[in-house]
Amino acid sequence: MNAEQQGKKFLASVAHYFDKAAALTPHPEGLLNQIKICNSVYSFQFPIRTGDGYKTITAWRAEHSHHKLPVKGGIRYSEEASADEVVALASLMTYKCAVVDVPFGGAKGAVKINPKDHSRSELEQITRRYTAELIKKNFIGPAIDVPAPDYGTGAREMSWIADTYLAFHPEQIDALGCVTGKTVSQGGIRGRNEATGLGVFYGLREVCDNAEDMKEIGLEKGIEGKTVVVQGLGNVGYHAAKFCQEGGARIIAFAEYEGAIYDENGINLEDLMHHRKETGSILNFPNAKNLDRREDALEIECDILIPAALENQITAENAPRVKAKIIGEGANGPITANAEDILQEKGIMVVPDIYLNAGGVTVSYFEWLKNLSHVRFGRMEKRFEQGTFDRLLQLIEKETGRKLTREERNLVARGADEADLVYSGLEETMISSYQQIREILKQKKEVGTLRTAAFINALNKIAVCYAELGIFP
Ligand code: NAD
């Protein structure tokens, strides 16, 4: 299947999920259509100069919904990108923001390149030129459209975007808020790099902490001791694996572009990253078995499967062979609509992308707030809080006659810094958003899946926005 066909399939899956949820809401058809359609797609080409002469690059930016501004969503660098894929991803952003109460509309961008085929300076040229094209059409700005990292991009590209935008708009005091996921020195926020993977962990931990739900799928309560398989060791997959491992889960298999490995006793993530750096591959890792095909990892018996690479990975073809009890969608759209029905019949619990990987946009929202307020979180109150706790401890020492050790004192008398606040804001978001979705799932039998519940939650919140504007009753 070529990139365009993959994109079509992805868009059709998103439309199917939307329709299924929409049918269970009381909202009028006109409103549902308004929410579903993509408001604007900018599709464009630009030339870059490479060592072999000029090359034309194809790129997109889709703004799915303007019910809240700015719109927000990552920029993907991928050879497999297509217009339909970008629209599907932009629409998922709209629903995702609503699910986690981030006050943005949804957007997404893509540049059709394989970053590995380009030098650092070519990537800089492409990123700056892409940004300039967005500026020309008013498709970027702190109040308009705020990109972020996605597949194939990271903090370096986001910093180039911010720098380019600033060069065009030196008079805008809030210009740094035109993009999130920047390096900290360029106005980024501590905790953004790991935010999506950390959110995946917080979400899965919350799911596993419900004894009643776990019993239904034959699992014990708690993430500790759960066996996990991770597909994709990039930003999302690496951090999801890291936090799951630190939380006591055992990662028994990893899949990457070059292949997949399995060890039932568990694979140490940092040792594996070191091995990959040394050898250029995850294959031939000591004590682990190389699997025949990288896709085989998806079919391993485990408690939790985390697809964190790309869309359309679990299809009607391989879904019957998936043996995980829970699938946590780190990637966007890794399960096709046909596959979802098969997984549901098999009793597999799917924790959907529009909830589970929303940690990235949540912390991006915190970064945007930081850029608009021009002050680091915790800067004003950290020392004050520490002093208050300290005075309280002194009183306790006086009353009890016991002197606290330095460790005990440090544990309590500490003011929150930026990273503490970001982590706690993210944790609260992932916990409360899951409870909202679970509640909807439990209310009506017809809802059936957490995905449908998450879509219903998103549609209800967006419908309120339109109703309050008086556009739809
Ligand atoms: P990334 O580029 O950092 O990493 C993706 C990894 O997947 C790469 O290492 C790549 O080699 C690997 N990969 C590609 N195809 C594979 C395959 N068939 N099998 C195994 N591995 C494969 O990208 P990322 O930012 O981690 O994004 C991954 C997914 O998560 C995407 O769907 C993206 O849209 C989604 N997502 C990312 C963020 C974010 O903050 N970065 C936020 C929300 C959702």
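Order of listing sets the numbers, starting from 1, for every ligand and every atom in it.
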Min N/O separation [X] to ligand 1 under 3.5 Å:
X	result
K108	no
R76	yes
V236	yes

Is there a donor in the side chain of [X] and an acceptor in the side chain of [Y], or the other way round, less than 3.5 Å apart?
X	Y	result
T131	T164	no
E63	N39	no
E157	Y77	no
N338	H16	no
E206	Q435	yes

- Given N235 and N193, is the side chain to side chain donor-acceptor pair (under 3.5 Å) satisfied, shown in steps? CA-CA 8 Å; N235 181 285; N193 190 35; 3.1 Å; yes

Which of the numbered atoms in ligand 1 are below 4.0 angstrom from a heavy atom of [X]?
X	answer
A308	28 (C)
Q231	19 (N), 20 (C)
A255	20 (C), 21 (N)
G232	7 (O), 21 (N)

Which residue and non-hydrogen atom of the protein lie closest to [atom], and at what distance in Å?
atom	answer
atom 31 (C) of ligand 1	A309 O, 3.3 Å
atom 23 (O) of ligand 1	Y151 CA, 3.4 Å
atom 12 (C) of ligand 1	E256 OE2, 3.2 Å
atom 18 (N) of ligand 1	R294 NE, 3.3 Å
atom 15 (N) of ligand 1	Y257 CD1, 3.5 Å
atom 36 (N) of ligand 1	D150 OD1, 3.7 Å

- Query: Under a 4.0 Å heavy-atom limit, does E329 contact ligand 1 with its side chain, its backbone, both, or neither?
  - Reply: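 Within the 4.0 Å criterion, E329 makes no contact with ligand 1.
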
Any idea which of [options] brings a heavy atom closest to [atom]?
atom	options	value
atom 42 (C) of ligand 1	L356, T196, L233	T196
atom 2 (O) of ligand 1	G152, G234, A148, G73	G152
atom 3 (O) of ligand 1	N332, N235, L310	N235

- Do the side chains of N290 and Y262 get nearer than 4.5 Å, heavy atoms only?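 Contact flag for Y262/N290 side chains = no.
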
- Is it the case that R61 places NZ or CZ above or below the six-membered ring of Y42, under 6.0 angstrom from the centre and within 45 degrees of the axis?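 Not satisfied by the 6.0 Å and 45° rule.
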
- Could you check S91 against T94 for side chain to side chain donor-acceptor pair (under 3.5 Å), going step by step and ending with a plain yes or no? CA-CA 5 Å; S91 57; T94 297; over 6 Å; no

- Query: At their closest point, which heavy atom of A148 faces which heavy atom of V179, and how far apart are they?
  - Reply: N-CG2, 4.4 Å

- Passing candidate, side chain to side chain donor-acceptor pair (under 3.5 Å) with Y423, options E418, R190, E194: E194

